[in-house]
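I have placed the structure first, in the form of structure tokens, so that the comments after it can refer back to it.
Quick note: residue numbers are just sequence positions, from 1. Ligands are counted one by one from 1 in listed order, and the atoms in each one are counted from 1 as well.
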Amino acid sequence: MADPARARQPLGIFGGTFDPVHFGHLRLAEEAADELALAGIRWIPAGQPALRAAPQTTARQRLAMVQLATAGNPCFAVDAAEVAAARPSYTVETLERLRSTDSCGAQRPLVLLLGADAFAGLPGWHRWQSLFDLAHLGIAHRPGHPLDLARLAPALAEQCRARRRDSRTALAESPAGCIVTFAMTQLAISASRIRALLTSGSSVRYLLPDEVIAYIRHHHLYPEC
Ligand code: ATP
């Protein structure tokens with residue numbers, strides 16, 4: 001039977017294109033669970049990402065890679081709902097969907113996990129200010145993307161000043177609305193670099209799980225130019 005105390009603990013929500021998923025993503029999720037005392041992490045691969053060029057792989061292939069990468073970690077679950085959707089994925093709508101289901105409901109604290117680069121781009125997101133009504137934000141440091149208020153868009157810097165909390169305990173005290181940062185192990189790994197290595201025929205070993213590399217090879221993803 002599910003532990004009712006655990007079911008009230010904050011839940012991490014980790015969306016991304018994951019084209020492909022790599023150890024930067026996995027360490028972010030693992031360290032967020034520890035640092036922010038999360039009950040678990042729900043990974044949500046985007047179907048059609050709204051704000052970037054079309055991925056080089058299908059949504060189903062990216063979902064399969066995330067499933068392979070996260071299998072075996074009982075704290076991780078994969079949500080395939082966006083992959084099946086025929087329209088662009090907007091995070092605000094994803095969170096509204098989660099809030100309307102029994103698994104999250106209106107009161108459970110949700111923590112949307114973002115790397116510092118994604119956070120800096122937040123003002124370009126659809127209805128971005130509504131995100132704070134739906135979830136807390138957990139921001140991971142990322143090499144090359146310093147979390148510097150002076151470099152953020154003024155409206156985002158203002159939200160940051162108002163909402164930033166130093167302690168993770170704030171996350172458990174309300175369903176949404178706070179911003180916390182955490183200094184995860186710094187890994188200068190990106191999916192775009194992995195794609196570039198694959199298309200040039202270079203090694204990607206130790207940048208992403210072997211199971212994902214095997215899947216990429218089996219399905220001839222990111223072919224060599
Ligand atoms: P790309 O290089 O194609 O832009 P990516 O490696 O940034 O991809 P995404 O799927 O776009 O991967 O990222 C999903 C989330 O993971 C984003 O919030 C991003 O900031 C974060 N992230 C990705 N890689 C890292 C990393 N090495 N360290 C910290 N955060 C990361």
Quick one: does Ile189 get an N or O within less than 3.5 Å of an N or O on ligand 1?
-> yes

For atom 18 (O) of ligand 1, what is the nearest protein heavy atom, given as residue, atom name and distance?
-> Gly115 N, 3.0 Å

Partner set under salt bridge (Lys or Arg N to Asp or Glu O under 4.0 Å) for Arg142, not counting sequence neighbours | Asp117

Geometric N/O contact His141 with ligand 1, under 3.5 angstrom | no

What part of Ala140 sits under 4.0 Å from ligand 1 if we count only heavy atoms: the side chain, the backbone, both or neither?
-> neither

Report the nearest protein non-hydrogen atom to atom 2 (O) of ligand 1: residue, atom name, distance rounded to 0.1 Å.
-> Ser192 OG, 2.6 Å

State yes or no: are the ring centers of Phe18 and His25 separated by less than 6.0 Å?
-> yes

re atom 7 (O) of ligand 1, the protein heavy-atom contact at minimum distance is Arg142 NH1, 2.9 Å

Quick note on ligand 1: atoms under 4.0 Å from a heavy atom of Arg195 include exactly 3 (O)

Going by heavy atoms, is Asp19 under 4.0 Å from ligand 1?
-> no

N/O separation below 3.5 Å, Phe18 to ligand 1 = yes

Output for pair (Gln159 CD, Leu156 CG), nearest 0.5 Å, gives 7.5 Å

Which protein heavy atom lies closest to atom 30 (N) of ligand 1, and at what distance to 0.1 Å?
-> Leu28 CD1, 3.4 Å

Between Glu82 and Pro45 the two heavy atoms that sit nearest each other are CB-O, 3.4 Å

No-hydrogen, no-angle side-chain donor-acceptor test under 3.5 Å, Thr185 and Glu31 = yes

Judging by distance only, is a nitrogen or oxygen of Phe14 under 3.5 angstrom from one on ligand 1?
-> no

Considering residues at least two apart in sequence or located in another chain, which fulfil the ring pair (Phe, Tyr, Trp, His ring centres under 6.0 Å) criterion with Phe132?
-> none

Under 4.0 Å from one or more heavy atoms of Gly16, ligand 1 contributes atoms 10 (O), 14 (C)

Purely on distance, is any nitrogen or oxygen of Arg193 under 3.5 Å from one on ligand 1?
-> no

Compare every heavy atom of Cys160 with every heavy atom of Ile179, then report the nearest pair and how far apart it is.
-> CD1-CA, 3.9 Å

Nearest neighbour in protein (non-hydrogen) for atom 20 (O) of ligand 1 | Asp117 OD1, 2.5 Å

At what distance is the nearest protein heavy atom to atom 4 (O) of ligand 1, and which residue and atom is it?
-> Arg52 NH1, 3.5 Å

Could you find the nearest protein heavy atom to atom 8 (O) of ligand 1 and give me its residue, atom name and distance?
-> Ala191 CB, 3.4 Å

Backbone or side-chain N or O of Leu114 under 3.5 Å from ligand 1 N or O | no

Looking at Met184, which atoms of ligand 1 are within less than 4.0 Å of one of its heavy atoms?
-> 29 (C)

Is the closest basic N to carboxylate O distance between Asp133 and Arg127 below 4.0 Å?
-> no

From Trp43 CH2 over to Ile13 CD1, what is the distance, rounded to the nearest 0.5 angstrom?
-> 12.5 Å

Option of least heavy-atom distance to atom 9 (P) of ligand 1 (set: His22, His25, Gln186, Glu31) | His25

State the atoms of ligand 1, each with its element, that fall below the 4.0 Å cut-off from a heavy-atom position in Gly24.
-> 27 (N)

Nearest 0.5 Å, what's the CZ-OG1 distance between Arg99 and Thr94?
-> 13.0 Å

What heavy-atom pair brings Pro10 and Ala37 nearest, and what distance separates the two atoms?
-> CD-O, 4.1 Å

Pro109 and Leu171, any side-chain heavy atoms less than 4.5 Å apart | no

